[in-house]
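Structure first, commentary second.
Positions are given from 1, in the same order as the sequence printed here. In what follows, every heavy atom counts, from backbone to side chain, and hydrogens, waters and symmetry copies are set aside.
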Amino acid sequence: MANPSSKATLPASLEPQTLSSSSSSSTAATSTESDVRSKPFEPLIMGFFKGVGVQDPNVENYASKDFYSNLLCNTLKTHTVRRGHVTCFATVKPSISNHYGGLHGGAVAAIAERVAIATARTVVGEDKEIFLVDLGMSYLSAAPKDAELIVAGSVVRSGRNITLVSVEFKMKKTGKLAFTSRATFHNSPVSKL
């Protein structure tokens with residue numbers, strides 16, 4: 001066992017890096033440090049996007065406000081909406097694919113959240129705000145690139161304060177269940193301040 005007071009040496013890659021003392025202010029040092037760290041990884045990230053099929057010359061648009069909504073809304077197409085039920089079609093596009101060419105798990109959860117909110121809104125009045133309390137996901141099988149999915153949301157229970165929604169993702173071609181989700185929402189009246 002090593003003596004606790006002995007000084008261990010770290011490999012050069014694990015040693016903490018310090019900035020030179022020639023920088024005049026801490027804010028300038030922070031922004032310089034940030035710029036230096038991000039540039040070496042930029043080609044790797046762009047290579048990853050090209051590898052999964054995202055070849056968009058307007059990459060700077062992805063950093064815009066609410067891009068997340070545009071990314072998902074371009075994937076979802078509404079099929080039917082009725083009280084307690086919402087059905088949408090989703091296509092597995094390269095922009096929401098993982099390294100293996102299937103639908104990314106985060107994209108599945110984001111789509112489930114969107115459909116669950118829309119489904120809950122069919123039974124909860126506009127006079128109440130809804131807050132997502134819990135979102136549970138079950139990943140049963142992969143959805144390959146360019147596959148069509150049927151995303152069906154249905155209200156399981158809706159009370160005065162809580163609404164439970166179930167969302168199922170099925171392959172359009174085979175009807176095979178790929179993902180399931182359960183969402184719990186808290187309903188609260190809008191403040192009248």
Exercise. For N187, which of N161, T163, D127 qualifies under side chain to side chain donor-acceptor pair (under 3.5 Å)?
Worked result: T163
For this session: Could you state whether I130 and V155 fall into the same hydrophobic cluster, counting links through intermediate Ile, Leu, Val, Met, Phe, Trp or Tyr residues with side-chain heavy atoms under 4.5 angstrom apart?
Result: yes
Problem set entry | Approximate separation, where rounding is to 0.5 Å, of T75 OG1 and R114 CZ | 11.0 Å
Problem set entry | Distance, nearest 0.5 Å, that separates CG of L149 from CZ of F89 | 10.5 Å
For this session: Determine, using the 4.5 Å side-chain heavy-atom cutoff (strictly less than), whether V167 and M137 are members of one ILVMFWY cluster.
Result: yes
Problem set entry | Residues forming a side-chain hydrogen bond (donor to acceptor under 3.5 Å, both in side chains) with E129, sequence neighbours excluded | none
For this session: Kindly give the heavy-atom pair with the smallest separation between V151 and V115, and that separation in Å.
Result: CG1-CG2, 3.7 Å
Problem set entry | Residues S138, R182; criterion side-chain contact (heavy atoms from CB on, under 4.5 Å); working and verdict | CA-CA 9 Å; S138 295; R182 296 141 323 271; 3.4 Å; yes
Problem set entry | Side-chain donor or acceptor of T174 paired with backbone N/O of K176 under 3.5 Å | yes
For this session: Please step through side-chain hydrogen bond (donor to acceptor under 3.5 Å, both in side chains) for the pair T180 and E168, ending with a clear verdict.
Result: CA-CA 5 Å; T180 62; E168 291 185 342; over 6 Å; no
Problem set entry | Sidechain-backbone polar pair: K128 side chain, H186 backbone, donor-acceptor under 3.5 Å | no
Problem set entry | Test side chain to side chain contact (heavy atoms under 4.5 Å, CB included) applied to F185 and L164, T119, L135, I117, the passing residue | I117
Problem set entry | From D134 atom CG to I162 atom CD1, the distance as rounded to the nearest 0.5 Å | 10.5 Å
Problem set entry | Linked, directly or transitively: L132 and V124 (ILVMFWY side chains, under 4.5 Å) | yes
Problem set entry | Which atom of K93 lies closest to which atom of S97, heavy atoms considered | O-OG, 2.8 Å
For this session: Flag yes if Y100 and L140 sit in one hydrophobic cluster, no otherwise; membership is Ile, Leu, Val, Met, Phe, Trp, Tyr, and two members link when side-chain heavy atoms are under 4.5 Å apart.
Result: no
For this session: Could you list the residues that satisfy side-chain hydrogen bond (donor to acceptor under 3.5 Å, both in side chains) with S154, not counting sequence neighbours?
Result: none
Seminar exercise, completed: Shortest non-hydrogen pair, V123 vs R83, comes out as CA-NH1, 3.6 Å
Exercise. Looking at T122 and G84, what are the two nearest heavy atoms and their distance?
Worked result: OG1-N, 2.9 Å
For this session: Nearest 0.5 Å please: distance from the CG atom of L103 over to the CD1 atom of I111.
Result: 5.5 Å
Exercise. With a cut-off of 6.0 Å (strictly less than), are more than 12 heavy atoms of other residues, nucleotides or ligands near NZ of K170?
Worked result: no
Exercise. For the side chain of Y139 and the backbone of F179, is there at least one donor-acceptor N/O pair under 3.5 Å apart?
Worked result: no
Problem set entry | Minimum heavy-atom distance between S141 and L177, given as atom pair plus value | OG-O, 3.8 Å
For this session: Sequence neighbours left out, what passes side-chain hydrogen bond (donor to acceptor under 3.5 Å, both in side chains) with T80? Give chain and number order.
Result: T87
Exercise. Looking at A107 and I96, what are the two nearest heavy atoms and their distance?
Worked result: CB-CB, 3.8 Å
Exercise. Take atom NE2 in H85; do more than 12 heavy atoms of anything else shown fall under 6.0 Å from it?
Worked result: yes
